[in-house]
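What follows is one structure encoded as structure tokens, with my remarks underneath.
Values below: every heavy atom of this structure, side chains too, minus hydrogens, waters and symmetry copies.
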Amino acid sequence: MAAPFHVKHPEVIMAEELKLWEYRVQTIGGMFGTRDELIQATLDNWGEEGWESINVYTPYGSGRITIVAKRPLTERVRRLRSMAPS
């Protein structure tokens, strides 16, 4: 006899597909601007760590840039955060 076919409820499917993210924000450069090489090196380093840039902008009146990145939140990081003092 074949195994019964099981249909998952939409709520279960959504919970299984839900991804949790961690975010990183850093402003680099100086008042006279930010070299392209520094931007590329920063993005390359972050990429090697699994970060994906989702926004890059220049704060008003600044030669600096702010990079916003995200990566999937791992179970290990979640445990470490739960143990950190508040």
For the pair L80 and R76, evaluate side-chain contact (heavy atoms from CB on, under 4.5 Å) and give the outcome as yes or no after the intermediate values.
CA-CA 6 Å; L80 289 172; R76 178 180 173 275; 3.8 Å; yes
Taking the side chain as C-beta and beyond, is there a heavy-atom pair between E52 and W46 under 4.5 Å?
no
Is a donor on one side and an acceptor on the other found under 3.5 Å between the side chain of T34 and the backbone of I39?
no
If you count the non-hydrogen atoms of other residues, nucleotides and ligands that lie under 6.0 Å from CZ in R24, is the total more than 12?
yes
Is there a path from Y57 to I54 through hydrophobic residues (I, L, V, M, F, W, Y) whose side chains come within less than 4.5 Å of each other?
yes
Suppose we screen for side chain to side chain contact (heavy atoms under 4.5 Å, CB included). Which residues come up paired with E48, at least two apart in sequence or across chains?
N45
Closest non-hydrogen contact found for Y23 with W51 is C-CZ3, 3.8 Å
All heavy atoms of L43 vs all of S53, minimum pair found to be CD2-CB, 3.9 Å
Side chains of residues 64-74: which donor-acceptor pairs under 3.5 Å do they make with residues two or more places apart or in other chains?
from, atom 1, to, atom 2, distance (Å)
T66, OG1, T27, OG1, 2.7
R71, NE, E22, OE2, 2.8
R71, NH1, E49, O, 2.6
R71, NH2, E22, OE2, 3.3
T74, OG1, V77, N, 3.2

Sequence-distant partners of E37, side chain to side chain contact (heavy atoms under 4.5 Å, CB included), two or more places apart
R35
